[in-house]
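Heads up: the structure comes next, in structure tokens.
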Amino acid sequence: MSMSHRLQVILNPKELSIIKKAAHLEKKSVSDWVRGIIREKLSRKKVESEIDPIQALSDLRLPASPIDQMLEEIEEGRF
């Protein structure tokens with residue numbers, strides 16, 4: 001069985017006002033609205049962490065010279 005925990009977050013009056021308005025627009029309590037935002041952020045982070053960066057770059061299909069040419073240019077730049 002999981003336990004619930006209370007989290008206290010200190011906000012300035014302007015931040016709290018913005019959050020209250022956002023929650024009101026969605027017809028939610030402030031607590032429910034904040035929990036939803038946190039869950040959304042956590043789920044997005046999980047998806048981002050599962051992305052293979054090499055594959056993501058490859059998927060961009062950026063123009064690139066042949067590898068031999070790139071290696072040669074790198075070596076020339078070292079001198």
Under 4.5 Å between side-chain heavy atoms, hopping through other hydrophobics if needed: is there a path connecting Ile37 to Ile19? yes

Roughly how far apart are Arg35 CZ and Leu7 CG, rounded to 0.5 Å? 11.0 Å

Neighbour count >12 (heavy atoms, 6.0 Å) for atom NZ, Lys20: no

So if you build clusters from Ile, Leu, Val, Met, Phe, Trp, Tyr with side-chain heavy-atom gaps below 4.5 Å, do Val34 and Leu16 land together? yes

Give a yes or no on whether the backbone of Glu72 and the side-chain of Glu75 come within a donor-acceptor separation of less than 3.5 Å. no

For the student: nearest non-hydrogen atoms of Ala23 and Ser29, plus distance: CB-O, 3.8 Å

If hydrophobic clusters are built by linking Ile, Leu, Val, Met, Phe, Trp and Tyr wherever their side-chain heavy atoms come under 4.5 Å apart, do Leu25 and Ile18 end up in the same one? no

At what distance, to the nearest 0.5 angstrom, does CG of Asp59 lie from CD of Gln55? 4.5 Å

Contact check, side chains of Ile10 and Gln8, non-hydrogen atoms, under 4.5 Å: yes

Could you grab the distance from atom CZ of Arg6 to atom OG of Ser31, nearest 0.5 Å is fine? 8.5 Å

Quick one: pull up CG in Leu42 and CD1 in Ile38 and give me the separation to the nearest 0.5 Å. 7.5 Å

Can you name the closest pair of heavy atoms from Leu11 and Glu15 and give their distance? CA-OE1, 3.4 Å

Rounded to the nearest 0.5 Å, what separates atom CD in Glu26 from atom NZ in Lys21? 15.0 Å

